[in-house]
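Okay, structure first, notes after.
Every chain is numbered from 1, with letters handed out A, B, ... down the list of sequences. Bear in mind the structure is a predicted one, so any value in this text is a computation, not a measurement.
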Amino acid sequence: MANHEEIFKKLIAHAKEYGFIFPSSEIYDGMAAVYDYAQYGVELKNNIRQHWWKSMVQMHENIVGIDSAIFMHPSVWKASGHVDAFSDPMIDNKDSKKRYRADMLIEDYIAKIEEKINKEVEKAAKRFGEAFDKTQFLATNERVLANTEKIKTISHRMNQDLEKNDLADLKSLIEELEIACPISGSRNWTDIRQFNLMFSTQMGSLSEETNLVYLRPETAQGIFVNFLNVQKTGRMKIPFGIAQTGKAFRNEIVARQFIFRMREFEQMEMQFFVRPGEELKWFEHWKKERMDWHLSLGLPIEKYRFHDHEKLAHYANAATDIEFEFLFGFKELEGIHSRTNFDLSRHQEFSGKKMQYFDTELNESYVPYVVETSIGLDRTCLAVLSTAFTEEKLEDGSERVVLKFPAILAPYKIAVLPLVKKDGMPEKAHEIMRQLMPSFMCQYDEKDAIGRRYRRQDAIGTPFCITIDTTTLENDTVTIRDRDSMKQERIAISEIESYVKALLK
RNA sequence: GCGGCAGUAGCUCAGUUGGUAGAGCGUCAGCUUCCCAAGCUGAAAGUCGAGGGUUCGAGUCCCUUUUGCCGCUCCA
């Protein structure tokens, strides 16, 4: 593992040094967990996105794509549950330096009172034996009644505080109850702060009434709110899917591990709408199909595994992650969730619009069930980068760093290199460049010795290097070098395009 | 958000008890070179993470802040 950490550091350094990924606003010291894709990184990212879009949208008759806005009506996030679920009141103990969710501290306190009541009940049950009436005991015993009343008062006040966002009173409550830190036993607390996982901003001019709007924490809702529009205008018949890629934003408390967890990130997701009762069948279908997609990237199969969720989110009746073995262990790369009809039903409830589909075969209307596949584009970039990153010791004892990308994902496909910078070779090379540029990302390089130029291309993962030499000038052939084997073949200039295309699958 | 460590050229680093910033690699220009980096010549490049303080003088000492790494915490 220590070795993996070192490779991970080297990878991050390589990504910066060779123009894949830069820290955001670096001249101003950067921003935590925000990164910019550089000249090579953006090509890699675009290629992965395109590969996904092609296999999900272009290759499926019953899936269409959309591109919904990042801003959405604030009610969307109430309906989706994000407003409630995405913010936690946190409090720190100054002595133990431990952080807790303030409401959880109070819940624990309540649980202790409940325990007391249970003990009273047990004691009484022993004492009275057969004749014990629990309901009556609970309703009459003074100590129990006092405790029950206490619980009621506390939880009522807590819920009111949470609802009104009255963090000061929530802290007072903790102080009044003399709740101490379980670790230090100290009651030396900081103020409570709200950690909202959603970014917010205002829409509308300052002088008028402004609306609080959120930057979407997931792209999925953009599809749900467009379900009716797409289904009707696209004349879609269930089962069908809507796909989109786009940015989402989460104000992570701790965002680390390079581009694995960023505050601004890109998702590629597809919501597949099915008949109620058929969702688990489709869930299995998409599990398989998505894994096949990952394997089609050309990364090794042993790097992947499924991780089925045992604890399901409130909206799901089945969920699995496709995990990838990053340099810091197996982590979630894609989620496949059977979201039931939760989202559409909630939007139906909150918007008052019927989010239903009339199924002519069944001759009935229903709120469709949804199977979601949602993959992190940045995480996929990281998966591809970390798998491609290779340090090689060559036979002659020298070393090279190669990014062994699957050719289809490589930022540049071809480097065009005149062997020497004279005798008309640069001119010939430019001619070949012009011929190949419409079909491939190509890079021209005439600086330094040929071997060094090969290494430079290795470092950015270019799969093919075409070299122009004296023979080229005689018979219009070039050598084409394979990045991984470093072997060369001589082919006609006219064959380059079909040769490379064949190897791009 | 808390604690520990760190931040000097694109990268890796040096910089003496405080005395006005250096090396190697890389980059660029030129020369040389007919196939796998490290031949030759020359050049550019750093307000020493930022702000403040102590001092005649701060990369060096002090305070604050920011970013990164590690640990904790959090992760619908």
G-U wobble or Watson-Crick pairing nucleotide for [N] (cut-off 3.5 Å, both distances):
{"N": "B:rC2", "value": "B:rG71"}
{"N": "B:rA21", "value": "none"}
{"N": "B:rC40", "value": "B:rG30"}

Closest to the [X] side chain, choosing from [options]:
{"X": "A:Asp469", "options": "B:rC75, B:rC69, B:rC35", "answer": "B:rC35"}
{"X": "A:Lys447", "options": "B:rU33, B:rC35, B:rC28", "answer": "B:rC28"}
{"X": "A:Lys16", "options": "B:rA38, B:rG10, B:rC36", "answer": "B:rG10"}
{"X": "A:Thr467", "options": "B:rC35, B:rU27, B:rC36", "answer": "B:rC35"}

Donor-acceptor pair (no angle test) under 3.5 Å: A:Glu17 side chain, B:rC11 base: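 By the distance-only test, no, there is no pair.
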No-H, no-angle donor-acceptor pair, A:Arg455 side chain to B:rA37 base, under 3.5 Å: yes
To the nearest Å, how far apart are [X] [atom1] and [N] [atom2]?
{"X": "A:Tyr35", "N": "B:rG68", "atom1": "OH", "atom2": "P", "value": "6 Å"}
{"X": "A:Lys421", "N": "B:rC28", "atom1": "NZ", "atom2": "P", "value": "10 Å"}
{"X": "A:Ile460", "N": "B:rG26", "atom1": "CD1", "atom2": "P", "value": "17 Å"}

Pairwise P distance for B:rU60 and B:rG3, with rounding to whole Å: 23 Å
B:rA37 and B:rC11, which share atom name C1', separated by this distance in whole Å: 15 Å
Residues A:Glu399, A:Lys393: salt bridge by 4.0 Å N-O rule: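 Looking at A:Lys393 together with A:Glu399, the answer is yes, because their closest N to O distance falls below 4.0 Å.
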Six-ring centre of A:Tyr454, A:Arg481 cation under 6.0 angstrom, axis tolerance 45°: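 Flagged: A:Arg481 positioned over aromatic ring of A:Tyr454.
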Stacked cation flag A:Lys331 on A:Phe326, 6.0 angstrom / 45 deg: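 Pair A:Lys331/A:Phe326 does not count as cation-pi.
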Step-by-step side chain to side chain donor-acceptor pair (under 3.5 Å) determination, A:His82 to A:Gln221: CA-CA 11 Å; A:His82 284 86; A:Gln221 299 304 325; 4.9 Å; no
